[in-house]
Amino acid sequence: MQGDGARLQIWLKRDQVGPERYDEFKLYETGDFMWARGVLIRTKKGELSVDVSDFGFLSKAYRPLPDKWAGLHDVETRYRQRYLDLLVNPQSRELAVTRSRVVASLRDLLNERGYLEVETPILQPIYGGAHARPFTTTHHAYGQNLYLRISFELYLKRLIIGGLDRVYEIGRDFRNEGVSKKHNPEFSMLEVYQAYADYRDMMDLMEALVSETATRVLGGTQVERDGETIELAPPWPRRSMAELIEENTGINIELAADLESLRAATDEAGVEGVEPGDVPSWALLVDDVFSKAVEPTLVQPCFVVDYPLDLSPLAKKSAENPQLVERFEAFIGGMEIANAFSELNDPDDQRERFLAQAEAGRLGDAEAHPIDEEFLRALEYGMPPTGGLGLGIGRLTMIVTGASHLREVKIFPHLRPRDD
RNA sequence: GCGGCCUUAGCUCAGUGGUAGAGCAGCGGGCUUUUAACCCGUCGGUCGUCGGUUCGACCCCGACAGGCCGCACCA
């Protein structure tokens, strides 16, 4: 018998239960549900077993289970009928359990530190908080066009404005994009906002959340990935984006400070994967070069800092260099795990950034941030200096479990519909 | 969205230009036993779909669908 992931042998003897009941038992099939009562014993071979005195039928399995020895390998069936995968493949069950423990750990750690868990709208009249294309839908009763949120950011900031000084939300974001080993159109995020804090505080929080979660879930801070050991214990190094790009490509983005010269430098350096002439702005090309040439190399935990202003319309400008913002992205295993900044709390500056985004949109950036007047109005009531952090839960779970595909840690990954 | 590869029984997989096989599961019976797999018997597939080539296709060609990998988009 199997239940809740554990297996236990039952031992049914004809002379103990009687021939009629014994024959009844023989009608039971693999996959059926039954109950049994009896004394726990060890057989001659030492197998823990229930010496059954009474038993009964609970429910029927009409369809046969996948082969218990060969298992279920067909990936399509594993994802489309995840219940079979969970039933038959212990490692799939283990991943589901680990993911749940990762989420529980994040929630516990934040609660312990006095953060308040909140829920904000998934259906939003204006999307925002990230560089992405949204899903759209309609509310019939109000004749209202709505977007499925691409981030929680602008609503959580409203709560900071409302005086809830430490808030977080764990939930789902929706981005109308492709699927890959690191991407799914709906994915789980943690976003945290803390008043009177900045992005450096968010680094400390990030290090604590990840290393402590690994300790709670795995018992240690080292994880294996593609044969390499990753050490999650803090401190993590802080590297500037420009420095990392120069190190990996030889391109100095401070010298190549406009789209044409950066394009020329990129073509000359022959950065693999960067397509000629398909990016509408300098900032997006910087981002492209970074993600192609640098990101895969960031296997050990690393905070990348000093992001260009144009890539970060919701982040506060750096005090030292107004072309940069107080922002970091945390990378582990060659993946972006988190994004954080000192939040932009100046409504005038925020308006300028929105206008710049609108211009980027006109120039062909389909993911440019729309202007959100309601959010600007909220900012005008005054927002304290605030640090914010967004952390990808699926990706963090990939790191903790060593999984190589997001869909392995996502119980029901996105697939095309099947018409049979 | 683009390119490459894949799709044979419930599951895991063989296979050949002449109209398909194994193991497990299932079903019928036997055995009260073990550590995936006991014994005997038995059922089971219009070989993803639709077209084409051919005397004949599961096998060759094309389209379509789904999946995987890569690219693009991106967290």
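Basis for what follows: all heavy atoms, side chains included, without hydrogens, waters or symmetry-related copies. We name chains A, B, ... by the order of the sequence lines, and we start the count at 1 in each one.
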Pull out every protein N or O sitting under 3.5 Å from an N or O of nucleotides 7-9 of chain B, one pair per line with the distance.
none

Please compare A:Glu367 and A:Leu72 by the position of their nearest nucleotide in RNA chain B and report the one closer to 5'.
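First, find each residue's nearest nucleotide; the 5'-ward one identifies A:Leu72.
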May I ask you to say what [X] touches in the nucleic acid, namely base, sugar-phosphate or nothing, with a heavy-atom cut-off under 4.0 Å?
X: A:Leu84; answer: nothing
X: A:Glu76; answer: sugar-phosphate
X: A:Arg175; answer: base
X: A:Asn184; answer: base
X: A:Glu329; answer: nothing
X: A:Arg80; answer: sugar-phosphate
X: A:Gly392; answer: nothing

Interatomic distance at P, B:A14 relative to B:G48, whole Å
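It works out to 14 Å between them.
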Can you tell me how far C1' in B:U35 sits from the matching atom in B:A20, rounded to whole Å?
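Pairwise C1' distance, B:U35 against B:A20, rounds to 36 Å.
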Polar-atom pairs under 3.5 Å, protein N or O versus N or O of nucleotides 36-39 of chain B: list them with distances, or write none.
from, atom 1, to, atom 2, distance (Å)
B:A36, N1, A:Trp69, NE1, 3.0

For A:Asp173 and A:Ser151: C-alpha separation, side-chain torsions, deciding distance, then whether side chain to side chain donor-acceptor pair (under 3.5 Å) applies.
CA-CA 6 Å; A:Asp173 277 337; A:Ser151 87; 5.6 Å; no
Could you tell me the separation between the CG atom of A:Leu72 and the CG atom of A:Leu84, rounded to the nearest 0.5 Å?
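Interatomic distance, A:Leu72 CG to A:Leu84 CG, rounded to 0.5 Å: 6.5 Å.
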Please confirm whether the shortest side-chain N or O distance from A:His73 to OP1 or OP2 of B:C13 is below 4.0 Å.
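So the side chain of A:His73 is outside the cut-off, no N or O lying under 4.0 Å from OP1 or OP2 of B:C13.
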